[in-house]
Enquirer: 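Attaching a single structure in structure tokens format; questions to follow.
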There are 2 protein chains.
Amino acid sequence: MSKENRAGIADVAARAGVSITTVSHVLSGRRPVSDKTKAKVLRVVQELDYRPDPSARGLRTGRSEAVALVVSDVTNPFYPQMAAGLQDVLQPQGFLISICSVRENSEDLDAALRHLLDRKVDGVVLASLTAQERHYAAITDAGASLVRLSGELDPRFGDIVRADDTGGMADAVTHVLERGNRRIGFVNGDPDTAPGRLRLAGYERALRDFGVEFDESLVVSGPFTRAGGVEGAHALLALDPAPEALVCANDLIAVGALDAVRERGLSVPRDVAVTGFDDIEAASLLSPPLTTVHNPAREIGRTCARLILERLSEGPAQGAREVVLPQKLIVREST
Amino acid sequence: MSKENRAGIADVAARAGVSITTVSHVLSGRRPVSDKTKAKVLRVVQELDYRPDPSARGLRTGRSEAVALVVSDVTNPFYPQMAAGLQDVLQPQGFLISICSVRENSEDLDAALRHLLDRKVDGVVLASLTAQERHYAAITDAGASLVRLSGELDPRFGDIVRADDTGGMADAVTHVLERGNRRIGFVNGDPDTAPGRLRLAGYERALRDFGVEFDESLVVSGPFTRAGGVEGAHALLALDPAPEALVCANDLIAVGALDAVRERGLSVPRDVAVTGFDDIEAASLLSPPLTTVHNPAREIGRTCARLILERLSEGPAQGAREVVLPQKLIVREST
DNA sequence: ACCCTTTTGCAATACGTTTTGCATACGATG
DNA sequence: CATCGTATGCAAAACGTATTGCAAAAGGGT
């Protein structure tokens, strides 16, 4: 019920004894302003607690100091971590972060992007797997910066940030090799997905680098689920000789592998070592706690934010970049 | 690079052969419009894919069709679930959802609210524990609807939505009682927190309702952590006679309890039943999968959204409401 | 005193809506 | 035909900022 209206730029100008023009230029830096008046204006801005109205500014400039994170499922704990990373960088700069969850279909994504672009978001971090070229184009055409978490690098369609799945998996396998194991089973998820492909590649690479021959019969595929892990692990453990370690393409599969090992009356890590991938919350809570590879979600978020800020300040003209962040092996008690 | 600019309300008016005024009124419904012209206008709106510019509208009306969720830690999986619930209701209505994570201190919250209110968010869902009256007041004074997840009900400060911790815990204890157990230990977290207090109350209530005498020596307190669970469970299991079941105040404590039971060479659920609270992701992945109480985070989100929508349409004048949602017992294999 | 550079002011315009009081056209009802 | 209620149009005023070309002023250096 406070009567006094918020201060506007005109109030600041009057109080500081300068023109609106000058105040605006002090704030935007688009024209040189002498240090003296600059100081005076900034002081008055403080006194009146003046903050430009985002709507008016948006109307005039077409930007909004807001960045959107578009994901396929907020519920996936990876995304909130990313969001936290975005905030780390963007919040201090005065940006607002919106999270948009879309089901994995193009229409939802279309609608969400329309909304966001109408609102003139300055940047979009796109983490939807079903995104297509037209979506990329919609974003860049609207003048927003784009950072993607997947897809092919294309100079028209913004930067890409991703974690080094192959390297991470190679680290995990190398760790198991260093523990003295040689016969190492790999329980993959769907090999037609990017993670499936890249992680398998890491497994192969680590073996090669270590001089261990790749044995096709030690690799099984299935869904990225606990059930998939149970089945895959049983198949491998039934081999003769049985593998000494089971490297799994994600943590859910590893949980299933633990189940399978237990069902066979064996013990982890004594009889067989198990590793996962992703480092979901549950990984440290299992018994034994699971050795796994931590996806640097928060750091990915930070990196996305920095790339967006760079694009925003440097203007639109620059080639696309791809940043690959290292995954980190977390050694626990399952190996 | 498309030359054609976006359609404005003037274009729609021209194409439909009516005035700007009429178009606006068709869209807002603030004046009666004949069905015939209404249809014509709406058709043109479709054809031109006209959507009012949010900045311009915001500038004029002081609202933004946006709702903010302010949380203390995006990383806590409860909040993303809530966010999903908000989206379920708000997204279809054209609202944008922003998530703001603030550290648990008043300055961060102050800054975040300033930002959000500057942007004229229509509603704020406040899930920060450190929020104080001045924060509530800032929100309502700015004309935004407020829904809180904690605190005391106050007609000036919006509605409250929360889950029925006491009832949920009572359900869990009743479940254990129905399994034939009578000597039931309670491993609490910090009893000075709201959850600690309410959940203990549920434990006591269930015993009373079942006609089992409350035994103070069966209740221990500690932090809401795995380590707290280990310690508390050991203390209770060392009693003579030992309890037949351990009811834990949250899932982390329950994980610790499972550890302790295992360390003593006992088996869950054969020798002792264990229950948790919260239904974190890990709960279903443990072995045995944990019987626990599911916090209806998504439904809480939906409810918050509905309350905000109601306030938005019905105007500001109404008393505060408190909605208490039932918790849901999830029976798994640990009991 | 002169010129040059840097700093500031002016005044106007554009951004795209919503809202309004008043006036007018239109039908239908009595 | 008079009248009344309902639909529409008109024109203009906000909303608060950013941007601008031009001109004036203020300094600084020679």
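Every chain is numbered from 1 and lettered A, B, ... according to where its sequence line falls, protein lines coming before strand lines.
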Enquirer: Hey, which sits more toward the 5' end of DNA chain D by its nearest nucleotide, B:Ser19 or B:Ala56?
Expert: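 Per heavy-atom nearest nucleotide, the more 5' residue is B:Ser19.
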
Enquirer: Is the closest basic N to carboxylate O distance between B:Asp53 and A:Lys120 below 4.0 Å?
Expert: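 Salt bridge flag = yes for A:Lys120 with B:Asp53.
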
Enquirer: Considering only D:dT17, D:dA18, C:dT8, which nucleotide approaches the side chain of A:Ser24 most closely?
Expert: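 Nearest to the side chain of A:Ser24 among the choices is D:dA18.
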
Enquirer: Please examine the side chains of B:His294 and B:Gln327, heavy atoms only from C-beta on, and report whether any two atoms are closer than 4.5 Å.
Expert: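 In short, these two side chains do not touch, never coming nearer than 4.5 Å.
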
Enquirer: Return whichever of A:Arg51 or B:Val23 has its heavy-atom-nearest nucleotide of DNA chain D closer to the 5' end.
Expert: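 Looking at the nearest nucleotide for each, B:Val23 comes out on the 5' side.
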
Enquirer: Run the side chain to side chain contact (heavy atoms under 4.5 Å, CB included) check on B:Ile9 and B:Asp11 step by step: do they pass?
Expert: CA-CA 5 Å; B:Ile9 194 174; B:Asp11 302 316; over 6 Å; no

Enquirer: Can you list, by residue number, the residues of residues 34-43 of chain A that have a non-hydrogen atom closer than 4.0 angstrom to DNA chain D?
Expert: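 Within residues 34-43 of chain A, no residue comes under 4.0 Å of DNA chain D.
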
Enquirer: Go through D:dT20, C:dT20, C:dT19 for me and flag the one nearest to the A:Arg31 side chain.
Expert: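 Among the listed nucleotides, the one closest to the side chain of A:Arg31 is D:dT20.
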
Enquirer: Classify A:Ile20 by what it touches in the nucleic acid, base, sugar-phosphate, or nothing, heavy-atom distance under 4.0 Å.
Expert: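 Answer is nothing: A:Ile20 stays at 4.0 Å or more from every strand.
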
Enquirer: Counting only side-chain heavy atoms from C-beta out, which of D:dA7, C:dG16, D:dA18 sits nearest to A:Leu59?
Expert: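 Output: C:dG16.
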
Enquirer: Can B:Arg148 be said to sit on top of B:Tyr136's aromatic six-ring, NZ or CZ under 6.0 Å from centre and within 45° of the ring axis?
Expert: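 Yes.
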
Enquirer: Between the side chains of B:Thr21 and B:Ser24, does any donor sit under 3.5 Å from an acceptor?
Expert: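 Checked: B:Thr21/B:Ser24 side chains show no N/O donor-acceptor pair below 3.5 Å.
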
Enquirer: Rounded to the nearest angstrom, tell me the gap between atom CZ in A:Arg60 and atom C1' in D:dT17.
Expert: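 Taking CZ of A:Arg60 and C1' of D:dT17, I get 8 Å after rounding.
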
Enquirer: Nearest whole angstrom, please: distance from the P of C:dG16 to the CG of A:Asp53.
Expert: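 Whole-Å distance recorded here is 16 Å.
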
Enquirer: With heavy-atom distances below 4.5 Å as the criterion, would you say the side chains of B:Val67 and B:Phe95 are in contact?
Expert: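 B:Val67 vs B:Phe95: side chains touch.
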
Enquirer: Is there side-chain contact between B:Glu65 and A:His115, with at least one heavy-atom pair below 4.5 Å?
Expert: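 B:Glu65 vs A:His115: side chains apart.
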
Enquirer: Quick check on D:dA18: is either OP1 or OP2 less than 4.0 Å from any side-chain nitrogen or oxygen of A:Arg30?
Expert: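 No, because none of the side-chain N or O atoms of A:Arg30 sits under 4.0 Å from OP1 or OP2 of D:dA18.
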
Enquirer: When you measure from the side chain of A:Thr21, which nucleotide among D:dG9, C:dT8, C:dC10 comes out closest?
Expert: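 Ranking D:dG9, C:dT8, C:dC10 by closest atom to the A:Thr21 side chain puts C:dC10 first.
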
Enquirer: Would you classify B:Thr61 as touching base, sugar-phosphate or nothing, given that sugar-phosphate means primed atoms plus P, OP1 and OP2, and contacts are heavy atoms under 4.0 Å?
Expert: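 Since only primed, P, OP1 and OP2 atoms lie under 4.0 Å of B:Thr61, the category is sugar-phosphate.
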
